[in-house]
Amino acid sequence: MSELEVNWIACKAHGMCAELLPERITLDDWGYPIIDERPVPPELEGHARRAVEACPTFALALKRAHARR
Amino acid sequence: MSFSTNPTTLPRLLAGMSAAGPVPLADHLEIHGPLPPRRRGRGDAALALVNELERSGLRGRGGAAFPTATKVTAVAASRGRPIVVVNACEGEPASVKDRLLLERVPHLVIDGALVAARALGATEVLLAVDESATNAVHATDWALGERPEPAQGGPPLRLATVPSGYVTGQETAVVNFLDGGPAKPIYMPAPIYERGVKGRPTLVSNVETFAHLALIARHGGAWFRALGAPGTPGSTLVSVSGAVAHPGVFEIETGTHIASLIQAAGGATEGLRAFLLGGYAGIWVSADLGYQLPLSPEGLYEVGASLGSGVVFALPSSACAVSEVALMARWLSDQSAGQCGPCVHGLDAIATALEQVRAGGAGEDALARIYRWAALAPGRGACAHPDGAARFVMSATRVFGDELADHARHGPCDGCLERHLLPAPLATARRAA
Amino acid sequence: MSPPLASTVGPSAYWYLTRSTGTTALILLTLSVVLGVIDVRRYSTARMPRFVIDGMHRTVSLLAVAFLVLHIVTAALDSFASIPLVDGVVPFVGSYRPLWLGLGAVSFDLMLAVVFTSLARRRLGYQTWRVVHWLAYASWPLALLHTLGTGSDVKQGWMIAISGGCLAAVLFAVLVRVASIAPRRVGLRSTALGLAVCFTGGVALWLPSGPLGAGWAQRAGTPSSLLRPASTKNPG
């Protein structure tokens, strides 16, 4: 399982991530991503990677989920 | 005023404080005694300090309340020669304790920084002070001039003035600025205790934390615990303001009830409506509830509040809560570093909505919109500023629900016409574009 | 007396290929600029979401480079004019229309910089990538000048139409882009606008007496051995 992380300083609300992974990402009133906290299951991982690659400012990252402290 | 090592008396930090100016080094040494002798071997010194800190249970006094022992251990365990940073960028408008410490007892703060620096083998001590706190800057500079260090060996002590601002005191913002960047939060590739200023392990702690450290080094962790609430012991500084007879900074033992604190501040000048705890991004509680609350992390946790930077503001019933909240929300929005969309837009939208509620005619859905935006803010920024602002607004909607509904329907009230009570010295300072 | 032997070496397949791939590359580059502006302006529709526009911009740009590689290789392989491969990237050193060919080499070099930085953008960081990417705005006009200066078909109606259409499309795209520059950045806006308009006007004014005028091949620097001899009135 993986987790999505956003670099909020880099994010400029291009919105491609929400287009490519609507299962986990929606946009707020100003076009910034709202990330669903549920981890990304293996079947969505390909789409998640595509969303990460599409971000023009490298604001989206996919990380290995670690156990919650 | 002499200070005894009697563990159960106050004042501790503020012992020997005088209105005439900073306590000179000689007087300081008479009041508190000398610093303990240096231990040989970096490992021994660090371990000894950490042991005392653990025994003391000291937590940071900058708002995050992080266990100091854990922080020092993390820095000691990291590779590289550490740097110690004393964070005196007190951007919280309702808090004046940090500048007070530097203005009145700078040597206590410097002692604490030196103890930590020696224990960690740090090569540098930086005192980062808000540039607008001119008295504190001068007093610190003067006190540094009085010190024999580093002539006797040990790390150089440097004063660095940091631009004013609410978020400039955030840890990564301080590190960013000291490294030559803007005083704005940044994402760091590694934690500050591993790679901070100049890429070296950095201990960043609040001014007051270092002051407590200076006394723990002298009297031990058990001495520190002898006062205060068992869970989070010791003494702590609180800035009291609002409708009290004698606003100012008070040193209390943790767990003191707010009622006692208000009494120490000369009592309320009129009937109180509510307390704001923790700071501008803190939590509102109704006065009835507030009086009974103990000022300790455990006690405040029960009502979802925290000590924050040690702020207690008393809102009188004659004031207009909605006006004050709207003003503070706008100020919080203006204080955004301007780097993250959800913060910039979200806080602005919330502030605008609150201003519309205050003026009346905002519509029934104004509160619903505020809830939605406040729910969206946390965790969507490079620092915790939007989280704090959202928490503040949500607590205001809980405590002042009636007043907000009343304003939304009928517009400004009599209290609105009064002068604003809350200090907002940076109210007119817009963040740089 | 038999007429002087007409050259038995006519235009080879490579010559046709280099012209066609060159023209196609110009069209693709134009499309790339237009898509790039649509991308940066964040226009999208339900059928053409942002990631599609962005993906198309990247794909079209790479296609353009691919066609340019073919264009350079076929030009080198063609035996009519001596254009070694190196002329494709090192400007102004060749023997065939050095200036106009060289402009194409410069344009291609800029494109390579844009492409390589785009492929390595994660390593270079967003800001570096962005600044280099602006070179694309310089690359296109150079490509057009190269087309008009070296193109053998430039006097053909269809070629004029293609060039004109591409110029119009890029001019429009640039105007849209300039319009989005913040009003307070007066210097940048007026410079960009001025350059775009002056270039367009300059090309329009230059064409009739330049590539569309008489004797252009010689004026452009075609080696004399390759120039078609003037027709003689005497058939004998």
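Since this is a predicted model, take the numbers as computed values, not measurements. Lettering of chains follows the sequences in order, A, B, ..., and the numbering in each one begins at 1.
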Crowded around [X] [atom1]? As in, over 12 foreign heavy atoms under 6.0 Å?
| X | atom1 | result |
| --- | --- | --- |
| Phe92(C) | CZ | yes |
| Arg122(C) | CZ | yes |
| Met48(C) | CE | no |
| Phe199(C) | CZ | yes |
| Arg50(A) | CZ | no |

Report task. Keeping the roles fixed (side chain from Arg121(C), backbone from Thr57(A)), state whether a donor-acceptor pair exists under 3.5 Å. Result ->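 Checked: no pair found.
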Report task. Output yes when a side-chain donor or acceptor of Glu19(A) lies under 3.5 Å from a complementary backbone atom of Phe51(C), and no otherwise. Result ->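 Judged by distance alone, yes, a pair lies under 3.5 Å.
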**Report entry** Point-to-point distance, once rounded to the nearest 0.5 Å, from NE2 of His14(A) to OG of Ser44(C)
**Finding:**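 One gets 12.5 Å once the value is rounded to the nearest 0.5 Å.
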Query raised in the report: For Ala13(A), is it the side chain, the backbone, both, or neither that has a heavy atom closer than 4.5 Å to a heavy atom of chain C?
Result: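 Both backbone and side chain.
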Requested in this report: Answer yes or no: is there a side-chain heavy-atom contact under 4.5 Å between Lys12(A) and Arg42(C)?
Outcome: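 Touching, per the 4.5 Å side-chain cut-off.
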Query raised in the report: Which one of Pro56(A), Ala54(A), Ala10(A), Gly15(A) has the most heavy-atom pairs closer than 4.5 Å to chain C?
Result: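 Top count of heavy-atom pairs under 4.5 Å with chain C: Pro56(A).
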Query raised in the report: What are the two closest non-hydrogen atoms of Tyr126(C) and Phe58(A), and how far apart are they?
Result: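 The pair with the smallest heavy-atom distance is N-CE1, 4.3 Å.
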